[in-house]
Amino acid sequence: MTSKAFIFDLDGVIVDTAKYHYFAWRKIADQLGIDFTHEHNELLKGVSRVRSLDIILELGKVDASQEDKNKWLIQKNEDYLSYLVDMDASEILPGVLPILKFLKEQNQLIALGSASKNARPILEKTGTLTFFDAIVDGNDVTNAKPDPEVFLIAAQLLNVKPENAIVFEDSVAGIQAANIGRMTSVGIGSKSTLHEAKYIFQDFTQINTSFIEDLIR
Ligand code: B16
Ligand code: MG
């Protein structure tokens, strides 16, 4: 049997941190008088911190110096990290742990493919670090999603061809990255937002083990 690699995004797939990113960015947007809605927030999912700030400034048509941008990036991350202080396994999204455990029982390779530079402490705090055979995060890549770099490195570390990799993603940019990388994309979220994904589920409670078995085969 050909080896498969199951690559998980972090924010919005394994843990419910997407809301904390939103709270922290909204504070910056409010400060600058920029209207920043949940819909706008979809544009930021899976996108690097630096690019996220640029998108918000573009939305508000705000020109800013590099010095101000650096200040806001630090402020956003400090605020975001303050939400993570008490983080524990209760923040793992419903249905994720049973799927991770099932993959382990089936001796499947598992990787993390996240844009976040805060990925490792989040995995540690939620007790999920040991599931992963490879971890690729925002500290390891130069090109952000929709560039497939993060997932290609993950597949390479596991010695698995991209076409044998399956990517679970909650962001449009991440689904595009998986598709561009010729991997099987599984969208976690709404059908209308993630319509480019090969398969779409509202959340992991909707994914049963026979679907995973079919992917393994
Ligand atoms: P950080 P993912 C992404 O993580 C988030 O979706 C995105 O909203 C965030 O801006 C990005 O990480 C960078 O995160 O500021 O923690 O480095 O979804 O790719 O796991
Ligand atoms: Mg995500």
Gap between atom CG of L112 and atom CG of L129 - 0.5 Å precision:
9.5 Å
Rounded to the nearest 0.5 angstrom, the CD1-NZ distance for I34 and K61 is 10.5 Å
Looking only at heavy atoms, the pair that brings I7 and A155 closest together is CD1-N, 4.2 Å
Passing candidate, side chain to side chain contact (heavy atoms under 4.5 Å, CB included) with F131, options L123, I14, V96, L97:
L97
Within the 4.5 Å heavy-atom criterion, are [X] and [Y] side-chain neighbours or not?
| X | Y | value |
| --- | --- | --- |
| F8 | L103 | yes |
| W25 | Y80 | no |
| K27 | D79 | yes |
| T17 | E91 | no |
| T193 | E42 | yes |

Going by atom types alone, do [X] and [Y] pair a side-chain donor with an acceptor below 3.5 Å?
| X | Y | answer |
| --- | --- | --- |
| N77 | N118 | yes |
| N70 | Q66 | yes |
| S114 | S116 | no |

Is the distance between the ring centroids of F211 and Y199 less than 6.0 Å?
yes
